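Input: a single structure, listed below in structure tokens.
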Amino acid sequence: MTIKNNTLIKGTYFPPGDKSISHRILILSSQAVGKSEISNLLEGEDVLNTLKAMRILGANISKKNKKYVVFGIPPGGLFQPNKPIDFGNSGTGIRLICGLIASNNIKAKLVGDGSLSKRPMKRVTVHLKKIGALINLKKDSYPPIKIQGDGEALPLKYNIMIPSAQIKSAIMLSALNTKGLIEIKEFKTTRDHTENMLKAMGYNIKVKEDNKYRYIKMINDKDLNSLNYNVPGDPSSAAFFITAACLKPGSKLIIKNMLFNKTRTGFISTLKKMGAKIKILKKKRVNFELVADLKIEQKKYLKPIILEAKDIPLQVDEIPILSIAASFAEGKSIFKGLKELTVKESNRLLLIHQNLKKMGVNSEIKGFDLHIYGSNNLKKGGANIVHHNDHRIVMSFYLANLICVKNNKIKDKSCVKTSYPSFFHHILKYSH
Ligand code: S3P
């Protein structure tokens, strides 16, 4: 099946389980004594690597009738691994579990694939070293991470300057086995699933926000309660089909059971500002997370948009697909402050720019801002897409065929398995 420029997106769509929540529920239920049951876990490679890691570290995890059953071990009780732990492509997996290990008296070597081995880890380890963990990185920056955790970790105050939920969550996980008060100050709001899940598990955590900062306080004086958790649909995966539906007038899509956390739905606000017709049909709160059903009925072309740097953390993973939307909107769009995109699974800022150019869209990088000169005309396409095995680049430029005369060529699309194994099956199902 190839998508063409006369394809429309239609149907009732259930996005796969949320990746960020899937990692976290595996890690946190593994630290809760008793039985937890997880349904709709994302079975992407990234999450399955986290599952294997938690088994190596002592959790008992099995699958029964589509549900995962977890029997955890208490904080501080992680097992000594007898081999390196492989996180594959997953920055979330390696960074979060590095945080967890940092306050356990065990020694571990954390490794990853070629892409992960080039991603910066110091942003996390700089904090974890301060609590007492001994950590060694390749070239003082990259995986493998060799870590000796400290079972008597120091409770500290942290300022998180880089907008990253992975840094914040690594620190929060280290706090699970740290005595005393841990205080975290975030300079920009990032996804807050670790906070919400800890609340759902009865942990002693307080979160406050003013117009400048977010503050988190944690004390480990209460056990984590085991729980049953149904993972809501992933907005970052749904974003591909939602954006595709919005940029092709005539499309009509109902989206069911999608995570509707405001730290994740920045792209919905962006698309609405661009003229997308997206309606919320139903909203509910489960386990401290909002979940919603949506409806898209698009009649007109999208308009260009200017995105400010402060809004990027709330849609950091959706910039590649939004760049396709901007390409098909008449006029200039600017996405400001994309520095964090340069250290994702690939340098996404550069790859977006290069691939847009190859398929016939003018764009410029100015500092860390991306300027896209869009129009409602079809692009020439036929480009050899360079993706460096980055799943979101592959999926975005596959959908770019919706706005191209000639289909683009993408060699080896297997990396979509890291976050969205059913992507091509869903393409078959929802393109008409
Ligand atoms: C994630 C946080 C984000 C995001 C990634 C998942 C998480 O990374 O890009 O896909 O689950 O915490 P950063 O925290 O590094 O921005």
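For clarity, every value in this text was computed on a predicted model and none was experimentally measured. Both ligands and their constituent atoms are indexed starting at 1 by order of listing. Starting from 1, each residue takes its place in the sequence as its number.
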So is T92 touching ligand 1 or not, going by heavy atoms under 4.0 Å?
yes
Using a strict threshold of under 4.0 Å (side-chain N to carboxylate O), is an ion pair present between K63 and E43?
yes
Work out whether the distance between some heavy atom of K344 and some atom of ligand 1 is less than 4.0 Å.
yes
Check the orientation of Y158 and H127. Use parallel for under 30°, tilted for 30 to 60°, and perpendicular for over 60°.
perpendicular
Relative to atom 14 (O) of ligand 1, which among S20, A170, A165 owns the nearest non-hydrogen atom?
A165
If we set the cut-off at 4.0 Å for heavy atoms, which region of R24 has an atom near ligand 1: side chain, backbone, both, or neither?
side chain
Using the six-membered ring of Y213, assess whether NZ or CZ of K185 lies under 6.0 Å from its centre and within 45 degrees of the ring axis.
yes
With a 4.0 Å cut-off on N to O distance, would you call D317 and R348 a salt bridge?
yes
Quick one: nearest non-hydrogen protein atom to atom 1 (C) of ligand 1, plus distance?
Q166 NE2, 3.5 Å
Shortest protein heavy-atom distance from atom 15 (O) of ligand 1, along with the residue and atom involved:
S164 OG, 3.2 Å
Report yes if V316 has an N/O atom closer than 3.5 Å to an N/O atom of ligand 1; otherwise report no.
no
Hey, do the aromatic rings of F241 and F423 have their centres closer than 6.0 Å?
yes
Could you check whether any side-chain heavy atom of K199 comes within less than 4.5 Å of a side-chain heavy atom of V207, counting everything from C-beta outward?
yes
Identity and distance of the protein heavy atom lying nearest atom 4 (C) of ligand 1:
D317 OD2, 3.3 Å
